[in-house]
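Right, one structure below, let's go through it.
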Amino acid sequence: VFFAALGGSLSATGANVMAWSSEQKNKGREWSRAQEICFELACWVLNLTGIALFATSCAMGGAVATVMPIQTGANLLANMFWQMYLRIKFYTKEMRIGTCVLICAVAELGELGPKEPEHLDVEALISQPLAIFWIILLVVGTGVSLAACLTLFNEPKESVHKLISFTSFVSFTTVIGSSLSKCFGLVHGPLLFVLVGIYFIDGFVLMKFTVWANKYCDVSIFIPAQLSSQLVINMGTGFFVWGDGNYIDRPFSYMLVYVISILGVYLISPEVDVMGRALQQSRIRQTLLSNKVAVCDFGQGALELHEAWQKSSQVRALQAAEEQVQVECKEAFEKLLRVGTQTGVISPRELIGLSVRLLEPSGFGPSPQVVQWLEEDVAQYKAYGERDPEFRKRIRETLTPQDQTRLPALPNCSGLATDIDDCTTTASGTFGGNLGGNSTLSSGGTQ
């Protein structure tokens, strides 16, 4: 158990060494050739040590179906720690909970897994028709995934197909290697040397592609996806090759743990939403907005926005008062954004694109609208301002004096504030003459 847990932790550490160096390079940091070699070497050494410790735990008599979940749980926990500590990726609530669900699930496998006898007849087991069929599937799957990895190697880091290819290949080769290591204590003579040779070849190829996956894929998704698929393939190998079904007391509970593991990975990977995409495509096929046919809230919101904008165009053409129409346009636009973000139809990246487009005509320099948005709508910035009023003041000072006077007044504080109630408001400037968090921008402000 100790060797398996330590091996999983070291493998995750090696993966994140490479991921961190790649992340820093993407941010503009230059590494010398010697530094890049050191990062790759560290990744290789840590991963090879992890593999060796796993093989040792199997050779010492540990059942693969029991040892691998322990290694997987340690790997997931270490991966989340390093990803957060090194700030490689921000872990949302869903990702943190999903990782914990996976760890709990694989911990259960240690209790529910097969209790194998000390001695197994390897030759008799692998000569069974079902075992031969499964071994052929493993070999074919390895070959197909290898071809896919080489074909999609230059795809972007965010490519789902690239991620699936590397995940599949690393999982197949890992399961093959674990089964080979299981044979070390069960065979003797020349066959043992042959298996050891194949094991090292498998390990070398596995390590090379693991390093590439850590460098060219999103590690925060690759590691959980790879580990869970590895567990599932390993479960199949245990059933069809090693006869684990004969040594499991609670097969239904055992299967459910794997279902929970897959759901945990699904929760960790917000970019991968198969069910959501299928539902979205189904709704699109049923929608025809030009005929006012909308089957979801987002489509209905788009219709309401179109109606509000039509009314606004008519009002402008008649040069009539359009205050009420503008309110309707604002409400329709807010509803479209709210429904879109709540349902995932509008992604954070698309909202960023909208913000950039809206700011582009007036430039990206200091803007009273942006400052007011930060101060009134962004909770994290408000907390910064309460903790450090001087910084909030300096941000305002980047604006022109005219723009500063049109912002809501700042609380009067000196030094670092520990309680916003210690501050008192001393000015009354605001956009449109309204005080408080609900103040709005006047028509004369920068657009």
Side-chain angles (χ1 to χ4, degrees), residues 3-56 71-91 95 99 145-146 148-160 162-174 177 199-227 229-230 268-269 271:
F3 286 143
L6 181 59
S9 300
L10 290 178
S11 296
T13 302
N16 281 283
V17 166
M18 184 58 67
W20 180 79
S21 66
S22 179
E23 180 75 12
Q24 293 298 307
K25 190 172 183 179
N26 291 336
K27 290 180 178 179
R29 187 168 181 175
E30 295 293 332
W31 300 115
S32 66
R33 181 57 184 163
Q35 288 174 318
E36 290 182 347
I37 292 174
C38 285
F39 286 128
E40 288 204 21
L41 184 62
C43 184
W44 273 80
V45 170
L46 289 168
N47 274 281
L48 283 173
T49 305
I51 292 172
L53 288 171
F54 175 78
T56 301
Q71 182 210 35
T72 300
N75 196 316
L76 287 168
L77 189 60
N79 179 63
M80 183 172 69
F81 170 78
W82 286 120
Q83 288 270 308
M84 296 175 68
Y85 180 76
L86 297 174
R87 299 181 182 177
I88 297 174
K89 182 160 185 173
F90 175 74
Y91 268 57
M95 296 175 73
T99 301
S145 58
L146 173 61
C149 287
L150 298 177
T151 303
L152 302 172
F153 189 83
N154 293 320
E155 289 291 307
K157 191 174 184 177
E158 298 79 13
S159 170
V160 175
K162 180 180 179 180
L163 177 69
I164 293 173
S165 300
F166 274 91
T167 297
S168 302
F169 182 75
V170 172
S171 296
F172 279 127
T173 50
T174 300
Y199 178 79
F200 276 106
I201 294 173
D202 177 85
F204 177 82
V205 175
L206 167 63
M207 274 305 310
K208 187 63 178 178
F209 277 81
T210 299
V211 171
W212 280 345
N214 294 332
K215 190 173 183 179
Y216 300 116
C217 296
D218 187 341
V219 174
S220 64
I221 302 175
F222 167 73
I223 287 183
Q226 188 272 313
L227 290 175
S229 60
Q230 170 184 305
I268 291 172
S269 313
E271 296 88 349

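Only heavy atoms go into these numbers, but all of them, side chains included; no hydrogens, no water, no symmetry mates. Remember, it's a predicted structure, so these values are computed and weren't measured experimentally.
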Legend entry - Exceeds 12 heavy-atom contacts within 6.0 angstrom, atom OH of Tyr199: yes
Legend entry - Side chain proximity check, Asp218 to Glu158, heavy atoms < 4.5 angstrom: no
Inset, instruction - Nearest 0.5 Å please: distance from the CH2 atom of Trp212 over to the NZ atom of Lys162. - result: 11.0 Å
Legend entry - Within-4.5 Å side-chain heavy-atom neighbours: Asn16 and Tyr85: no
Legend entry - Straight-line distance of Asn75 CG to Met80 CE, nearest 0.5 Å: 12.0 Å
Inset, instruction - Check the angle between the aromatic planes of Trp20 and Phe39 and answer parallel, tilted or perpendicular using the 30° and 60° thresholds. - result: perpendicular
Inset, instruction - Using a 4.5 Å cut-off on heavy atoms from C-beta on, say whether the side chain of Leu152 contacts that of Phe166. - result: no
Legend entry - Phe222 and Thr167, any side-chain heavy atoms less than 4.5 Å apart: yes
Legend entry - Ring centers of Tyr216, Phe153 separated by less than 6.0 Å: yes
Inset, instruction - For residues Cys43 and Met207, report the shortest heavy-atom separation together with the two atoms involved. - result: O-CE, 4.0 Å
Inset, instruction - Over all heavy atoms of both residues, which pair between Glu23 and Lys157 is shortest? Give the atoms and the distance, please. - result: OE1-NZ, 4.2 Å
Legend entry - Asn47 to Ser11 - nearest heavy-atom pair and separation: OD1-O, 3.6 Å
Inset, instruction - Taking atom CH2 of Trp82 as the centre, report whether more than 12 heavy atoms of other residues, nucleotides or ligands fall under 6.0 Å from it. - result: no
Inset, instruction - Walk me through it: do Phe209 and Leu150 pass the test side-chain contact (heavy atoms from CB on, under 4.5 Å)? - result: CA-CA 10 Å; Phe209 277 81; Leu150 298 177; 4.3 Å; yes
Inset, instruction - Apply side-chain contact (heavy atoms from CB on, under 4.5 Å) to the pair Phe172 and Gln230, showing each step before the final yes or no. - result: CA-CA 7 Å; Phe172 279 127; Gln230 170 184 305; over 6 Å; no
Inset, instruction - Please step through side-chain contact (heavy atoms from CB on, under 4.5 Å) for the pair Lys89 and Met95, ending with a clear verdict. - result: CA-CA 11 Å; Lys89 182 160 185 173; Met95 296 175 73; 4.0 Å; yes
Inset, instruction - Step by step, work out the side-chain hydrogen bond (donor to acceptor under 3.5 Å, both in side chains) result for Ser21 and Trp31. - result: CA-CA 8 Å; Ser21 66; Trp31 300 115; 5.2 Å; no
Inset, instruction - Taking all non-hydrogen atoms of both residues into account, name the closest pair between Thr49 and Val45 and its distance. - result: OG1-O, 2.6 Å
Inset, instruction - Mind listing the closest non-hydrogen atom pair of Leu10 and Leu53 along with its distance? - result: CD1-CD1, 3.8 Å
Inset, instruction - Hey, could you give me the OG1/CZ distance between Thr13 and Phe81, rounded to the nearest 0.5 Å? - result: 9.0 Å
Inset, instruction - Check whether any side-chain heavy atom of Val205 lies under 4.5 Å from a side-chain heavy atom of Phe169, and answer yes or no. - result: yes
Legend entry - Side-chain donor/acceptor of Ser22 to backbone N/O of Ala19, under 3.5 Å: no
Inset, instruction - May I have the step-by-step check of side-chain hydrogen bond (donor to acceptor under 3.5 Å, both in side chains) for Ser171 and Ser229, ending in yes or no? - result: CA-CA 6 Å; Ser171 296; Ser229 60; 2.7 Å; yes
Legend entry - Working for side-chain contact (heavy atoms from CB on, under 4.5 Å), residues Ser145 and Ser165: CA-CA 5 Å; Ser145 58; Ser165 300; 5.7 Å; no
Legend entry - Nearest heavy-atom neighbours spanning Ala42 and Val17: CB-CG1, 4.2 Å
Inset, instruction - Can you sort out the partners of Lys25 under salt bridge (charged side-chain N to carboxylate O under 4.0 Å, His left out), two or more places apart, ordered by chain and number? - result: Glu36
Inset, instruction - Working to the nearest 0.5 Å, report the span between CH2 of Trp44 and OG1 of Thr210. - result: 9.0 Å
Legend entry - Any Thr99 side-chain heavy atom under 4.5 Å of Tyr91 side chain: yes
